[in-house]
Amino acid sequence: MTHFADIADHLEGQAIELPSWAFGNSGTRFKVFGTPGTPRSVEEKIADAATVHRFTGLAPTVALHIPWDRVDDYAALRRYAEDHGVALGTINSNTFQDDDYKFGGLTHTDPRIRQKAIDHHVECIDVMDQTGSRDLKIWLADGSNYPGQADLRGRQDRLAESLATIYDRIGEEQRLVLEYKFFEPAFYHTDVPDWGTSYAQVSALGERAVVCLDTGHHAPGTNIEFIVMQLLRLGKLGSFDFNSRFYGDDDLIVGSADPFQLFRILFEVIRGGGYGPANPDGHSDVAFMLDQCHNVEDKIPGQIRSVLNVQEMTARALLVDRDALDAAQTAGDVLGAHEIFMDAFSTDVRPDLAAWREERGLPGNPMRAYAESGYQAAIEAARAGGSQLSWT
Ligand code: RM4
Ligand code: MN
């Protein structure tokens, strides 16, 4: 049996990056509901992200999306974040909201539009140089809706060429992270639909190109933890976009739809050496990020709940008695192995985690502490008409 005291040290230093866009209004194709207190500027989004970190100690960095978070002075934005106790993290590019990209960006048949999309990524790398960010995350909306509409092979070849041009500009300490998604907004084919395509494309680029696994970007029933295992095995799992889904790319609070799936994923991350604090050298290259939208719930508590869910499932996954599991697996003890796995999943770690937080000067119950802090009422009073959105 593994006990909480045995794993407590491994929880130290866990970091989950927050997306700036989680603090803006967003919605579905049908309606974007406004939320009182929504940020009016990038700075206010960063202040909200810093608030999540203050109450949880789990979210020391915030990811930006360009152009949503475009500012004149990134060095000043970096200082602003640092003054609030957080750092700027991943820079996400956006080639999906411009008329020129109707038929694709990096894959487009027109060299002028391809160049425009490449130039946008170069702009993102310039931003990274100023913000001190390590990762450039690329998610492409490129694809087609009707069979015969596009030359699938030609688009893959042009994508490889465009990515190589971008990769040439990535600094020694920086990484290109390519995210996949099986459909939407294109419905017939998507140019980077799955981990295999992303893996093939980044492998052709070089060592500093890796895959981003967004947990919402798979068909129902996909065994995501298997993909986690495989990418770790291949040394190409760069980052997670955590969220949860019932149907499509729902972007709901991680661990809410299927807590057991989150547990299984985190177990494979830990076993594959992808969880930083568990590694002997104290760090890992797999970045934990959230990619979520809070459409009907309050955004800051939505983010607090999310990072707590990741922490809680990490603790439970660390509790798996690995020696006993190995022995049961080797002995062919099917139900014995399963029981060891489920014992850890079924352990309620919440009281131990509350005590662990209090020992570190954090609130034992961050959700309640936030609700009682007055922050929500203060931003609702101060920020009239904020919409700093993810989408328009
Ligand atoms: C995409 C993908 C990207 C995110 C955008 C907003 O579906 O998940 O990571 O930046 O949405
Ligand atoms: Mn994502």
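For the numbers below, each heavy atom of this structure counts, side chains included, while hydrogens, waters and symmetry mates do not. Both ligands and their constituent atoms are indexed starting at 1 by order of listing.
Within a 6.0 Å radius of CZ in Arg383, other residues, nucleotides and ligands contribute more than 12 heavy atoms. Counted within 6.0 Å of CZ on Arg70, heavy atoms from surrounding residues, nucleotides or ligands total more than 12; the atom is thus considered enclosed.
Distance alone, capped at 3.5 Å, places no donor-acceptor pair between the Ser239 side chain and the Ala287 backbone. A donor-acceptor pair under 3.5 Å is formed between the side chain of Thr215 and the backbone N or O of Asn243. Here the side chain of Ser256 pairs a donor or acceptor atom with the backbone of Ile253 at under 3.5 angstrom. Counting only distance, with no hydrogens or angles, the side chain of Asn92 and the backbone of Leu64 share a donor-acceptor pair below 3.5 Å.
Atom numbering of ligand 1 starts at 1 in the shown order; those under 4.0 Å from a heavy atom of Lys137 are 9 (O). Each of the atoms 2 (C), 3 (C), 8 (O), 9 (O) of ligand 1 lies under 4.0 Å from some heavy atom of Glu179. Numbered from 1 in the order shown, with element, the atoms of ligand 1 that lie under 4.0 Å from a heavy atom of Asp249 read 7 (O). Residue-ligand proximity, Asp214 to ligand 1, at heavy-atom distances under 4.0 Å covers atoms 8 (O). Those atoms of ligand 1 with a heavy atom of Lys181 less than 4.0 angstrom away are 7 (O).
The residue Glu184 has no part lying near ligand 1, judged by heavy-atom distances below 4.0 Å. At a heavy-atom cutoff of 4.0 Å, ligand 1 is contacted by the side chain of Asp241 but not by its backbone.
A distance below 6.0 Å separates the ring centres of Phe263 and Phe341. Ring-centre distance between Tyr180 and Trp139: not below the 6.0 Å cut-off.
Every N/O-N/O distance between Trp68 and ligand 1 stays at or above 3.5 Å. Considering backbone and side-chain atoms together, Trp21 places no N or O closer than 3.5 Å to any N or O of ligand 1.
Considering the Mn ion (ligand 2) as centre, the angle to OD2 of Asp241 and to OD2 of Asp214 is 110° (10° rounding). Expressed to the nearest 10°, the angle at the Mn ion (ligand 2) joining OE2 in Glu179 with OD2 in Asp291 is 160°.
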